[in-house]
Protein chains: 2
Amino acid sequence: MKQIRLGIIGFGNVGQGLAQILRDKHREYAEKFGLDFRIVAVADSQKGCLFDPQGLNPVALLEKIARDGSLAGIPGEKKGWDALALIRESGADAIIELSYTDLKTGEPAATHVAEALQQGKHAVITNKGPVALHYSRLEALAREHNVQIGFEGTVMSGTPALRLGRELLAGAGIRRIEGIFNGTTNYILSQMDAGAGYAEALAEAQALGYAEADPSGDVEGFDAAGKVVILARLVLGREISLADVEREGITRLTAADVTEAREAGERWKLVGSLELDGERLKAAVCPRRLPLSHPLAGVNGATNAILYGTDLLGDVTLIGPGAGRLATGYAVIEDLLAIYRG
Amino acid sequence: MKQIRLGIIGFGNVGQGLAQILRDKHREYAEKFGLDFRIVAVADSQKGCLFDPQGLNPVALLEKIARDGSLAGIPGEKKGWDALALIRESGADAIIELSYTDLKTGEPAATHVAEALQQGKHAVITNKGPVALHYSRLEALAREHNVQIGFEGTVMSGTPALRLGRELLAGAGIRRIEGIFNGTTNYILSQMDAGAGYAEALAEAQALGYAEADPSGDVEGFDAAGKVVILARLVLGREISLADVEREGITRLTAADVTEAREAGERWKLVGSLELDGERLKAAVCPRRLPLSHPLAGVNGATNAILYGTDLLGDVTLIGPGAGRLATGYAVIEDLLAIYRG
């Protein structure tokens with residue numbers, strides 16, 4: 001049995017989802033993979049910091065958070081620690097960076113990941129920022145220190161979109177990628193297809209917690225564009241920035257547009273895409289009217305999907321969740337299994 | 001650059017597809033993966049046998065076959081060799097077994113694979129027979145001789161259905177598998193959905209080369225059942241036989257049934273399934289009427305699909321080709337990349 005000590009930075013939805021998975025599946029992973037995952041430290045800038053070199057009990061962590069939203073005042077509390085102290089002093093083998101995501105600077109996550117790699121620890125991230133903005137630098141650090149970075153959760157949460165493209169289809173000749181990379185806008189479009197107006201559908205998405213109070217990151221296509229940048233780098237090996245992605249959101253789509261499409265046997269989807277035309281790479285996020293026979297047309301609600309257009313297999317499509325605490329928590333597990341199953 | 005010598009047994013559609021891939025992508029694989037794949041020997045019981053320790057030229061192989069359907073009479077011919085001689089004497093690092101498939105005995109492929117493993121060579125198969133009938137014995141041999149067996153092509157050709165379940169979703173808690181595992185029947189049902197009668201649709205499938213003169217292996221569900229047996233073993237770790245799969249084909253479906261489903265907004269699909277109910281595993285292949293919102297309902301023509309129902313991600317669906325010379329040839333490449341990329 002191999003013991004793997006995890007240090008978690010950020011204990012919001014995803015961190016709690018990960019704790020829940022380890023609470024429920026610790027024994028299964030031990031039996032099936034011979035891996036004994038232990039959370040030795042948690043640091044959250046709002047909720048406090050805990051440390052136990054023998055492993056914190058996920059049940060206790062989750063109960064404390066559910067009870068009073070904080071980790072303060074229970075055994076193992078480390079009052080002086082912040083994220084960097086956790087990375088340097090917890091003795092964790094892998095750092096799970098789940099703090100705030102920022103597509104403008106990638107901070108503070110990028111600094112945390114860089115520090116972890118420099119300390120010779122594997123790092124797993126589910127935030128787009130550090131990968132979209134700093135991947136080359138972080139990859140070089142990982143190589144230098146002979147450790148790995150896990151990033152499956154940055155696109156389509158735990159649905160293995162990146163590993164499918166980077167590993168399983170690596171020799172198939174990927175020429176084109178198309179996908180539904182944002183669940184909020186897909187939910188809104190599905191509601192509009194069922195008869196709702198844009199404002200009503202957006203309000204529903206907000207009520208369900210899919211969309212934030214300021215929904216522009218989703219509805220203007222910035223979130224999807226961040227994922228397109230990551231796919232360009234990690235699947236196609238092409239370094240592009242957000243500014244290289246032609247971007248149009250869904251705010252100009254009207255109920256009449258949606259009705260017109262439906263009557264023509266088609267559906268509007270916000271499609272993120274990458275297309276190789278010789279050496280030229282075209283990157284875009286924009287609403288597209290797809291015939292119902294298109295593999296992305298039937299993907300409804302908050303579900304995400306990715307289509308790889310390949311030389312040898314034609315189109316291969318993967319459909320699954322794009323968000324959610326367990327789904328994103330599982331992305332971390334997937335990265336850890338890839339690192340430690342060897 | 002790592003040189004990998006391949007010995008190919010069976011030079012029909014898939015073998016020629018593999019040669020075509022290596023003709024077109026040899027340089028790409030060398031640059032991208034540092035792997036120099038060379039076909040050092042080919043043995044086909046009908047077409048003859050060739051050997052060149054420096055590597056046979058795929059262009060010459062394909063031209064010769066296209067010209068006169070045989071490998072006889074060109075440089076490198078080995079008149080005395082059969083498959084076993086190739087395995088023992090060609091110096092190949094990996095044996096690609098692509099000979100005739102037989103779901104009753106798994107022979108002669110199983111004997112070839114066993115011999116390859118005993119000689120310390122990796123083996124890759126795309127035929128269901130040896131995996132459905134002899135997997136445990138072959139796996140034990142592989143372990144004993146510290147080599148690997150590749151079998152991605154046995155389900156959904158190069159669409160990575162098996163690796164998705166065995167590796168990427170290995171920790172997600174797979175409780176249910178549903179899929180369209182037979183392209184011929186899916187093509188027939190799609191044609192019926194578009195208005196054709198069963199006999200007419202079957203004749204079209206035969207004209208296109210999807211269905212054989214005796215179509216019972218497809219239309220009675222035996223082919224799909226073989227894949228269900230493989231998925232039970234390789235994804236769920238449960239040893240079952242064909243007799244454990246409740247099986248009903250599509251021959252009893254009438255045009256009226258299909259019309260009735262269409263009018264109700266549903267579609268008939270031949271669904272292979274595995275469902276865990278506590279410790280009990282239910283295995284079946286039978287026609288099911290799916291609502292259009294079901295991820296398998298929109299999979300039309302000869303395309304295949306697999307849905308994994310999981311604890312942590314809910315449903316994850318992969319859609320792609322289920323047959324074809326390049327698609328199945330790519331399954332071999334995928335297995336080789338998994339073995340040699342390390």
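Heavy atoms only: backbone and side chains are in, while hydrogens, waters and symmetry mates are out. In this text the structure is predicted, and so the values were computed from the model without any measurement. In the text below, chain A, chain B and the rest are named by the order of the sequence lines, each starting its count at 1.
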Minimum-distance pair of heavy atoms, taken over all atoms of B:Ala232 and B:Leu274: N-CD1, 3.5 Å

For the residue pair A:Pro58 and A:Ala19, what are the closest heavy atoms and their distance? CB-O, 3.5 Å

Yes or no on side-chain contact (heavy atoms from CB on, under 4.5 Å) for A:Leu98 and A:Val332, after CA distance, side-chain angles and deciding distance? CA-CA 10 Å; A:Leu98 308 170; A:Val332 175; 4.2 Å; yes

Quick one, A:Leu307 with A:Ile177, criterion side-chain contact (heavy atoms from CB on, under 4.5 Å). Give me CA distance, side-chain angles, the key distance, then yes/no. CA-CA 6 Å; A:Leu307 180 157; A:Ile177 301 175; over 6 Å; no

Select, from B:Leu313, B:Leu318, B:Leu326, B:Ile333, the one with the greatest count of heavy-atom pairs under 4.5 Å involving chain A. B:Leu313

Mind checking whether A:Ile149 and A:Val131 have side chains closer than 4.5 Å, heavy atoms only? no

Summary of salt bridge (Lys or Arg N to Asp or Glu O under 4.0 Å) pairs that have at least one residue in residues 290-306 of chain B, sequence neighbours excluded: none

Counting backbone as well as side chains, what donor-acceptor pairs lie under 3.5 Å between chain A and chain B?
from: A:Lys25; atom 1: NZ; to: B:Asp311; atom 2: OD2; distance (Å): 2.7
from: A:Tyr29; atom 1: OH; to: B:Gly171; atom 2: O; distance (Å): 2.6
from: A:Lys32; atom 1: NZ; to: B:Ala170; atom 2: O; distance (Å): 2.9
from: A:Leu168; atom 1: O; to: B:Tyr330; atom 2: OH; distance (Å): 2.6
from: A:Ala170; atom 1: O; to: B:Lys32; atom 2: NZ; distance (Å): 2.8
from: A:Gly171; atom 1: N; to: B:Tyr330; atom 2: OH; distance (Å): 3.2
from: A:Gly171; atom 1: O; to: B:Tyr29; atom 2: OH; distance (Å): 2.6
from: A:Asp311; atom 1: OD2; to: B:Lys25; atom 2: NZ; distance (Å): 2.7
from: A:Thr317; atom 1: N; to: B:Ile319; atom 2: O; distance (Å): 2.9
from: A:Thr317; atom 1: O; to: B:Ile319; atom 2: N; distance (Å): 2.8
from: A:Ile319; atom 1: N; to: B:Thr317; atom 2: O; distance (Å): 2.8
from: A:Ile319; atom 1: O; to: B:Thr317; atom 2: N; distance (Å): 2.9
from: A:Tyr330; atom 1: OH; to: B:Leu168; atom 2: O; distance (Å): 2.6
from: A:Tyr330; atom 1: OH; to: B:Gly171; atom 2: N; distance (Å): 3.2

Any idea which of B:Ala327, B:Gly171, B:Gly320, B:Gly298 has the most non-hydrogen atom pairs under 4.5 angstrom with chain A? B:Gly171

Interface moiety of B:Leu164 toward chain A, non-hydrogen atoms closer than 4.5 Å: both

Taking every heavy-atom pair that is under 4.5 Å apart, which of B:Val316, B:Leu336, B:Leu312 has the most such pairs with chain A? B:Leu312

Ranked by heavy-atom pairs below 4.5 Å to chain A, first place among B:Gly314, B:Ala305, B:Ala170 goes to B:Ala170

Of the non-hydrogen atoms in A:Leu168 and B:Pro160, which two are nearest, and what is the gap between them? CD2-CB, 3.5 Å

I need the residue from A:Val299, A:Leu292, A:Ile319 with the largest number of non-hydrogen atom pairs under 4.5 Å to chain B. A:Ile319

Test item: B:Leu231 and B:Ile306 side chains (from C-beta on) under 4.5 Å apart, heavy atoms: yes

Quick one: do A:Ile39 and A:Phe11 satisfy side-chain contact (heavy atoms from CB on, under 4.5 Å)? Show the steps, please. CA-CA 12 Å; A:Ile39 302 171; A:Phe11 204 62; 5.6 Å; no

